[in-house]
Amino acid sequence: MSELTLITGSTLGGAEYVGDHLSDLLEQEGIKVNVINEAEPDDVANASSLLLITSTHGAGDYPDNLAPAMEALKNTTPDLSALKYAVIAIGDSSYDTFCGAGIQADELLKSLGAQSLAPRLEIDILEQPLPEEAAEAWLSQHKSVFCE
Ligand SMILES: Cc1cc2nc3c(=O)[nH]c(=O)nc-3n(C[C@H](O)[C@H](O)[C@H](O)COP(=O)(O)O)c2cc1C
């Protein structure tokens with residue numbers, strides 16, 4: 001795997017912090033990581049492997065720095081069958097739409113033909129006030145798929 005594209009969707013900075021943390025850990029494994037905090041649709045369409053880390057805002061909505069790219073992908077329906085991806089969703093289980101953005105993103109990427117590298121992680125900040133710890137545990141379990 002030549003380069004991993006790591007896209008974050010974040011309003012208050014939490015998901016972005018998790019992205020930076022996992023990027024550091026992946027780089028330590030010798031994986032080149034391109035962190036993008038304001039994704040364009042082509043950042044997804046042109047990636048070969050993608051780790052998408054997003055919190056949820058509004059009522060199950062994407063954060064503002066991710067919404068335009070995901071809406072454009074939904075509308076233009078590119079063929080993403082060459083893309084391998086994984087999603088980390090961060091949310092708050094007091095909302096009915098818990099982790100809605102991560103769930104939507106996962107379903108959208110799958111519907112466009114992308115291949116899932118690992119099961120989606122859903123982090124509940126009510127139970128995990130330090131989401132980077134849950135993300136790190138998930139990464140250590142699934143790291144090998146990002147090294148292939
Ligand atoms: C206005 C607002 C709306 C939110 N809506 C949801 C939601 O619909 N579903 C959910 O799981 N979490 C929701 N959350 C919780 C955030 O996803 C959670 O606080 C997350 O850690 C914020 O991450 P960020 O720092 O990357 O923006 C909401 C938070 C705020 C402030």
Side-chain angles (χ1 to χ4, degrees), residues 1 3-29 31-78 80 83-112 114-143 145-147:
M1 197 170 279
E3 185 180 73
L4 176 68
T5 299
L6 192 161
I7 289 176
T8 66
S10 185
T11 298
L12 306 171
E16 203 171 307
Y17 180 81
V18 171
D20 287 340
H21 184 63
L22 294 198
S23 168
D24 288 346
L25 295 172
L26 287 158
E27 297 260 6
Q28 283 167 24
E29 297 292 325
I31 299 165
K32 178 146 176 35
V33 184
N34 180 22
V35 178
I36 300 171
N37 297 319
E38 292 275 348
E40 302 283 339
D42 279 354
D43 294 323
V44 176
N46 296 335
S48 56
S49 60
L50 169 69
L51 177 55
L52 182 71
I53 303 175
T54 185
S55 57
T56 294
H57 283 271
D61 300 331
Y62 294 114
D64 288 346
N65 66 339
L66 183 62
M70 300 311 282
E71 290 304 323
L73 289 170
K74 192 174 167 184
N75 293 332
T76 57
T77 64
L80 297 184
L83 176 66
K84 294 184 172 145
Y85 78 98
V87 173
I88 294 179
I90 301 171
D92 175 332
S93 61
S94 66
Y95 290 86
D96 289 346
T97 47
F98 175 58
C99 283
I103 294 168
Q104 274 189 70
D106 195 358
E107 289 175 353
L108 175 63
L109 293 171
K110 204 171 295 170
S111 75
L112 297 175
Q115 305 297 310
S116 171
L117 281 171
R120 180 179 66 238
L121 173 65
E122 295 180 0
I123 302 175
D124 181 0
I125 50 129
L126 289 187
E127 288 181 7
Q128 302 275 356
L130 299 175
E132 64 276 16
E133 290 182 355
E136 188 172 337
W138 176 93
L139 184 68
S140 68
Q141 209 181 335
H142 298 291
K143 201 163 47 188
V145 298
F146 297 105
C147 299

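Atoms within a ligand are numbered from 1 in the order they appear, just like the ligands themselves. All figures in this text were calculated on a predicted structure; none of them were measured in a lab.
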Can you name the atoms of ligand 1, numbered from 1 with element, that are less than 4.0 Å from a heavy atom of Gly91? 10 (C), 11 (O), 12 (N), 17 (O)

Which atoms of ligand 1 are found less than 4.0 Å from any heavy atom of Ile90? 17 (O), 21 (O)

Counting only heavy atoms not in Glu40 (residues, nucleotides, ligands), do more than 12 fall under 6.0 Å from its CD? no

Please confirm whether Asp92 comes within less than 3.5 Å of ligand 1 when only nitrogen or oxygen atoms on both sides are compared. yes

Going by the 4.0 angstrom heavy-atom rule, the piece of Tyr95 near ligand 1 is side chain

Please find the pair of heavy atoms, one from Trp138 and one from Ala118, that lie closest to each other, and give the distance. CZ2-CB, 3.8 Å

Do Asn34 and Thr5 have a side chain donor and acceptor closer than 3.5 Å? no

Is there a polar contact, in the sense of an N or O pair closer than 3.5 Å, between Gly100 and ligand 1? no

Going by distance only, is there an N or O of His57 that falls short of 3.5 Å from an N or O of ligand 1? yes

Passing option when Lys84 is tested against Val145, Leu117, Leu50 for side-chain contact (heavy atoms from CB on, under 4.5 Å): Leu117

For atom 9 (N) of ligand 1, the option (of Val18, Thr97, Thr11) bearing the nearest heavy atom: Thr97

Any nitrogen or oxygen of Leu12 lying under 3.5 Å from a nitrogen or oxygen in ligand 1? Just yes or no. yes

Backbone or side chain, does any N or O of Ile125 fall under 3.5 Å from an N or O of ligand 1? no

Shortest protein contact, atom 26 (O) of ligand 1 (heavy atom only): Ser10 OG, 2.6 Å

List the closest protein heavy-atom neighbour of atom 23 (O) of ligand 1: residue, atom name, distance to the nearest 0.1 Å. Ser55 CB, 3.1 Å

Could you check atom 16 (C) of ligand 1 against the protein and tell me its nearest heavy-atom contact, residue, atom and distance included? Thr56 O, 3.3 Å

Of all protein heavy atoms, the one nearest atom 25 (O) of ligand 1 is Gly14 N, 2.6 Å

Could you check whether Lys143 pairs with Glu29 (Lys NZ or Arg NE/NH1/NH2 to Asp/Glu carboxylate O, under 4.0 Å)? yes

Gap separating the NE2 atom of His57 from the OG atom of Ser10, nearest 0.5 angstrom: 6.0 Å

Counting neighbours of CG on Asp96 that are heavy atoms of other residues, nucleotides or ligands and sit closer than 6.0 Å, is the number greater than 12? no

Using the rule given for side chain to side chain contact (heavy atoms under 4.5 Å, CB included), can you reason through Glu122 versus Phe98, listing the C-alpha separation, both sets of side-chain angles and the distance that settles it, and then say yes or no? CA-CA 9 Å; Glu122 295 180 0; Phe98 175 58; 3.7 Å; yes

When rounded to the nearest 0.5 angstrom, what is the spacing between OG1 in Thr56 and CD1 in Ile125? 10.5 Å

According to the interplanar angle, ranging from 0 to 90°, do the rings of Tyr17 and His21 count as parallel (below 30°), tilted (30 to 60°) or perpendicular (above 60°)? parallel

Can you tell me if Thr76 uses its side chain to pair, donor with acceptor, with the backbone of Ala72 under 3.5 Å? yes

Does Ala59, backbone or side chain, put an N or O under 3.5 Å from an N or O of ligand 1? no

For Gly60, take its heavy atoms, then give the atoms of ligand 1 lying under 4.0 Å from any of them. 7 (C), 8 (O)

In terms of residue, atom name and distance, what is the protein heavy atom nearest to atom 5 (N) of ligand 1? Gly58 O, 3.0 Å

Between ligand 1 and Cys99, is the shortest N or O to N or O distance under 3.5 Å? yes

